[in-house]
Amino acid sequence: MSEQTQQDENKIIAERRAKLNALREQGNAYPNTFRRDALAADLHKDFDALTKEELAEQAPVRVKVAGRMMMRRIMGKASFATLQDMTGRIQIYVQRDDLPEGFYNQQFKKWDLGDIVGVEGYLFKTNTGELSIHVEKIELITKAIRPLPDKFHGLQDQEVRYRQRYLDLIVNQESRETFILRSKIVQHVREFLIRKGFLEVETPMMQVIPGGASAKPFVTHHNALDMELYLRIAPELYLKRLLVGGFEKVFEINRNFRNEGLSTRHNPEFTMVEFYEAYTDYKTLMDYTEELLKELAELAVGDTKVPYQGQVFDFGKPFDRLTMKESILKYNPEVKPEELETLEAARALADRLGVHWEESYGLGKVMTEIFEETVEERLMDPTFITEYPAEVSPLARRNDENPFVTDRFELFIGGRELANGFSELNDAEDQAERFKAQVAAKDAGDDEAMHYDADYITALEHGMPPAAGEGIGIDRLVMLFTDAPSIRDVLLFPHMRRAD
RNA sequence: GGGUCGUUAGCUCAGCUGGUAGAGCAGUUGGCUUUUAACCAAUUGGUCGCGCGUUCGAAUCGCGCACGACCCA
């Protein structure tokens, strides 16, 4: 701790530090010798149902519990306190005369809220029926020098909740629940894919050529090799190399990094699951996705009606499936199909709808812009949009009947893109052409266009089985199922500006 | 990038048209052996985000900056 910080310390911290110094003089101030044998939630699960009398009549249930002291009610020669461990809270009852002479007044009563204590005792129920531990031994395990936020109102300041997430987790139960549910969702996604026979793999986070998506990368430097490396914007091209290598069903759950702005829906690092399966197509993936999301709704909400920020999304019915063109016509009833058939007509339509386009855009890109501006945010219940133009899908397989579009879909819920999948382009020569078009776009000023990845082309030239692949944004998924308005609410440590 | 709102004690918040700051919790001291946001009594604690300006006087008004929240692009 710096001198400056010490100077800034207020009286509360100074008092607690004095207590800590007294503890140091008495011996080990930070012992790691207490071993618990019970967790709060397990005790409630096993004993809440018993009456006070039933619990008193049976043989005493002796337990050792550790946790942070969140509340305390001192009533002269006896006290109640509330301990919190990772599973929840349990009340303890401490009597002066159960403890060694002087301990209650000289030690216990001088401890503070926020201190971590270990207790040993037996279970009982209070007159109001609350399961509690009648303490026979109690020890201070860790002294907290700084005070907790308000015991009743919790921590309200959003900035502090994000910057000092540990405080948020200590005092705000909803926050703990959000991150526990996030863990369960990730676990379920993993188990779903393993159940389907997929192999979990890890591919490079640092890449020589950032590929697999259209986004600006973070750049770093490898000293020993004296070369630039990019944090990955997607794992896609590596996972497809594994298809070439004969791993025919693979997935990865990990972070991607995109050097873009922050918003309630964007964090520079975010978590995706990507999975690839050989000898199948995008329609299979849509079926998987629908199956997975229905399971997740059941897991997270326990219902097919998922509430989100005052709206309700229906996961019970079969998910809608519309082509991009169909969706534009559906949500813009005055638009005629012919207006989406030539570049000139589409440009005129975009002008009419107030959608921006540039000279370099082809029909596919203009159409996609119209879709994004007029349809996307209105897709509330889960909806698959298919037939994305090849122009905006440089890694996707062209449709056999209509090469203008690809065998691709995106899933939208609540107006937000949740997933993106397609049958994979495994024609090395077509892929090389598409990369060249991307490079041309990059040269023309599109700094999100892809690089030419010759090593990937070489891999495709060895033969990649026909396959389909998909990415699902885990953070947005968790936002949806935890009713979180901001991506920061589902990231333990969201990116923030420097506080100083 | 633009707009709106916010920043006051460790925490949660008041503070009116400008007159040098309040409550509850936490802390401290005392009381209380089934409380539960325990209670009762007393009490400590503040560079009012930072800077500049207006004014006899600024937490309050104006401008700028920082950080955050929300909306828009």
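To find a chain, count down the sequence lines: A is the first, B the second, and so on, and within it residues start at 1.
Taking atom CZ of A:R96 as the reference point, atom C1' of B:G31 lies 14 Å away to the nearest angstrom. Taking atom CD of A:Q164 as the reference point, atom C1' of B:G10 lies 11 Å away to the nearest angstrom. In this structure, A:K11 places its NZ atom 13 Å from P of B:U43, rounding to the nearest Å. Between the C1' atom of B:G10 and the CZ atom of A:R17 lies a distance of 14 Å, rounded to the nearest Å. Taking atom CD1 of residue A:I12 and atom P of nucleotide B:U28, one finds them 9 Å apart after rounding to whole Å. Atom P of nucleotide B:A26 and atom CE of A:M69 are separated by 12 Å, given to the nearest angstrom. B:U33 atom P lies 9 Å from atom OH of A:Y93, rounded to whole Å. One interatomic measurement links the two molecules: CD1 of A:I13 to C1' of B:A9, which rounds to 13 Å at whole-angstrom precision.
Residues A:H495 and A:L262 meet the side-chain proximity criterion, which asks for heavy atoms closer than 4.5 Å. Side-chain contact between A:I413 and A:L293 is present, with at least one heavy-atom pair separated by less than 4.5 Å.
Here the separation of B:C13 from B:G51, taken at their C1' atoms, is 27 Å to the nearest Å. Remark: the separation of the C1' atoms in B:U44 and B:G30 is 15 Å, to the nearest Å. Of the C1' atoms belonging to B:C25 and B:G62, the separation is 36 Å, rounded to the nearest Å. To the nearest whole angstrom, the two P atoms, one in B:A37 and one in B:A73, are 46 Å apart. Nucleotides B:C5 and B:A9, compared at atom P, are 22 Å apart to the nearest Å. For the C1' atoms, the distance from B:U28 to B:C70 is 41 Å, rounded to whole Å. Look at the P atom in both B:G45 and B:G22: the space between them is 13 Å, to the nearest Å. Atom name P, nucleotides B:U20 and B:G57: the rounded distance is 14 Å, in whole Å.
Side-chain polar atoms of A:S79 and A:Y104 form a donor-acceptor pair below 3.5 angstrom. A:H356 and A:E369 form no side-chain donor-acceptor contact under 3.5 Å, judged by distance and modelled atom types alone. Side-chain atoms of A:E54 and A:Q58 form no donor-acceptor pair, as typed in the model, at a separation below 3.5 Å. Using modelled atom types, one finds a donor on one side chain and an acceptor on the other under 3.5 Å when comparing A:Q95 with A:Y93. Side-chain atoms of A:E448 and A:S214 form no donor-acceptor pair, as typed in the model, at a separation below 3.5 Å. For the residue pair A:R89/A:T82, the side-chain donor-acceptor check at 3.5 Å is not satisfied. A donor-acceptor contact closer than 3.5 angstrom links the side chains of A:Y308 and A:R416. Using modelled atom types, one finds a donor on one side chain and an acceptor on the other under 3.5 Å when comparing A:E410 with A:Y388. For the residue pair A:T289/A:E470, the side-chain donor-acceptor check at 3.5 Å is satisfied.
Pairing partner, B:G27: B:U43, with both Watson-Crick or wobble hydrogen-bond distances short of 3.5 Å. Under the Watson-Crick or G-U wobble criterion, with both distances below 3.5 Å, B:G57 is left unpaired in every strand shown. Across the strands present, B:G51 finds its partner in B:C63; the criterion is a Watson-Crick or G-U wobble pair with both atom distances under 3.5 angstrom. B:U20: no Watson-Crick or G-U partner with both key distances under 3.5 Å is found in any strand. Judged by Watson-Crick or G-U wobble contacts below 3.5 Å, the nucleotide B:G1 has B:C72 as its partner.
Contact annotation: side chain of A:E130 to base of B:U34, donor-acceptor pair absent below 3.5 Å. Side-chain atoms of A:Q95 come within donor-acceptor range of the base of B:U33, with a qualifying N/O pair under 3.5 Å.
Of the residues in residues 98-109 of chain A, not one places a heavy atom less than 4.0 Å from an atom of RNA chain B.
Between A:K110 and A:E15 there is no salt bridge, since no side-chain nitrogen of the basic residue lies less than 4.0 Å from a carboxylate oxygen of the acidic one.
Of the two residues near RNA chain B, A:D97 and A:R16, the one whose nearest nucleotide lies more 5' is A:R16. Checking A:Q156 against A:D112, the closest nucleotide of RNA chain B that is more toward the 5' end is the one next to A:Q156.
Within the 4.0 angstrom heavy-atom criterion, only backbone atoms of the sugar-phosphate kind lie near A:G154; the bases stay farther away.
Classification of B:U20 as syn follows from a glycosidic angle within 90° of 0.
Nearest to the side chain of A:P147, among B:G10, B:U28, B:U33, sits B:G10.
Taking the ring centre of A:F493 as origin, the terminal cationic atom of A:R488 falls outside the region bounded by 6.0 Å and 45° from the ring axis.
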What does nucleotides 67-73 of chain B look like as a protein-contact string, B for base, S for sugar-phosphate only, - for none, at under 4.0 angstrom between heavy atoms? SSSS---
Under 3.5 Å, N/O pairs linking protein and nucleotides 37-41 of chain B:
{"residue": "B:A38", "atom": "OP1", "partner": "A:K151", "partner atom": "NZ", "Å": "2.1"}
{"residue": "B:A38", "atom": "OP2", "partner": "A:R73", "partner atom": "NH1", "Å": "2.8"}
{"residue": "B:A38", "atom": "N6", "partner": "A:I74", "partner atom": "O", "Å": "2.8"}

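Taking the six-membered ring for Trp and thresholds of 30 and 60 degrees, A:F371 and A:F412 have ring planes more than 60 degrees apart, a perpendicular arrangement.
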